[in-house]
Amino acid sequence: MSKQHLNFLLMDAPYEQARTTTGFRMIDAALRKGHDVTVFCYEGAVALAFAKQVPHANAVHGRDAAQEDHPNPKDWVAALLDLAQEKGSKLTWIQCGLCVDERGVGEAVAGTVRGSPADFHKAVEAANNTIVIPTR
Amino acid sequence: MPKKILHVVRSAYRATIEEQDDTVLWFTQAMKGAGADVAVLLTENAVNYATEGQDCSGLAFGRKKQTQPPTIDAEVAKICSKGIEVLYVAEDAKALGLEPTDLVGGPKSISRKEVPALFARYDLVFRW
Amino acid sequence: MPGYLLIQSRDPMEGGGESFDELARSLASAKSGPVTLFLVENAVLPARKSAASARLAELAKSGVEILADEFALRERGISRDRLIPEVKPAAIDAAVDRMVEGRKTLWN
């Protein structure tokens with residue numbers, strides 16, 4: 001199948017909904033297949049790439065921070081950016097700027113860009129298909 | 001004497017992959033560790049947490065692998081072994097197509113009509 | 001016509017899923033291309049044979065292809081032998097492939 005461009009809009013903040021993991025799995029699958037992907041992070045989803053996320057230990061399970069290896073979605077974002085590069089695909093990760101500002105999560109992992117709904121619109125126009133994964 | 005608290009868990013698998021735990025079951029154990037008198041009632045689709053054989057291992061994003069996937073069934077059994085009573089609503093288990101033999105050892109079944117009497121045994125009921 | 005991909009994440013116990021299933025049925029009836037209902041997260045729970053499965057079985061009869069995310073099934077301890085025959089397990093790639101086909105893609 002030839003390279004396609006798929007566009008995703010995510011809305012959920014980290015650690016709140018299973019939708020986040022499912023969205024990431026779809027993005028991962030698209031990149032593994034060699035497609036280009038644009039992700040527009042809207043509302044709480046702008047915190048997914050926040051650079052200051054830090055893993056923690058888990059005393060309930062008796063695991064220190066290294067053993068717990070607690071997911072920080074920023075590392076998932078970085079891994080997806082690396083995957084795209086490895087596959088010769090393009091992953092454009094756009095953070096809705098106003099959503100970033102109101103949440104104070106301006107420091108995002110390298111490779112993400114600030115944007116606006118106009119950028120989502122551009123991606124909609126450019127992509128072969130778009131999915132919006134809304135919050136509730 | 002601490003207050004007797006019942007945690008009613010009704011929403012299952014909400015960010016359990018990201019958190020590597022169910023946050024309410026985790027919270028319950030942390031409260032117990034802090035001296036609380038707690039119990040758990042699994043209802044609605046959260047009854048599935050007692051199903052034996054849950055496996056979400058192998059998740060990876062690019063080269064980033066999840067090394068500590070949640071093991072919810074083992075967690076439920078562990079909670080019981082810590083002396084925290086875990087109950088589940090029998091009608092919800094049936095609605096999920098679950099037989100008692102599908103479940104891990106430890107949780108006890110109650111019928112929905114027994115829930116009011118159950119609530120009466122606790123000082124506080126937290127519905128998650 | 002490319003058809004539709006409807007990704008259902010909500011299970012009947014949580015509510016809010018029924019109208020989406022009905023949408024799948026009406027799109028299939030309108031014969032506007034193939035319609036796939038892809039069950040993810042807790043929406044896979046009624047794929048395990050139970051009274052709640054009847055709704056999915058009926059939906060399949062109306063021409064909707066029903067797939068269930070293999071990972072979500074495994075995560076919930078739902079083995080293949082417990083699935084109703086109308087639901088087929090599928091990798092998440094199947095959802096991506098249908099997006100690539102150009103299906104209008106909606107999430108619930």
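Convention: sequence-line order gives letters A, B, ...; per-chain numbering from 1.
Across A/His35 and C/Val100, no two heavy atoms sit closer than the pair NE2-CG2, 3.5 Å. Contact record, C/Met99 with A/Asn129: O-ND2, 2.8 Å, taken as the closest heavy-atom pair. Closest heavy-atom contact between A/Met26 and C/Ala95: CE-CB, 4.1 Å.
Side-chain contact between A/Lys33 and C/Asp97 is present, with heavy atoms from C-beta onward closer than 4.5 Å. For the pair A/Thr22 and C/Trp107, the minimum side-chain heavy-atom distance is below 4.5 Å.
Summarising the geometry, atom CZ belonging to C/Arg10 is positioned 8.0 Å from atom CZ belonging to A/Arg19; distances are rounded to the nearest 0.5 Å. Rounding to the nearest 0.5 Å gives a distance of 12.0 Å between CG of C/Leu106 and CD1 of A/Ile133. Distance check, rounded to the nearest 0.5 Å: CD1 of C/Ile92 to CZ of A/Phe24 gives 14.0 Å.
With a 6.0 Å radius and a threshold of 12 heavy atoms from other residues, nucleotides or ligands, C/Phe71 has its CZ atom above the threshold. The number of heavy-atom neighbours closer than 6.0 Å to CD of A/Gln85, taken from other residues, nucleotides and ligands shown, is 12 or below.
Only the side chain of A/Leu6 comes within contact range of chain C, judged by heavy atoms closer than 4.5 Å. For A/Thr21, no part lies under 4.5 angstrom from a heavy atom of chain C. For A/Arg136, the part lying under 4.5 angstrom from a heavy atom of chain C is the side chain only.
Most heavy-atom pairs under 4.5 Å with chain A: of the set C/Ile7, C/Asp69, C/Val40, this distinction falls to C/Asp69.
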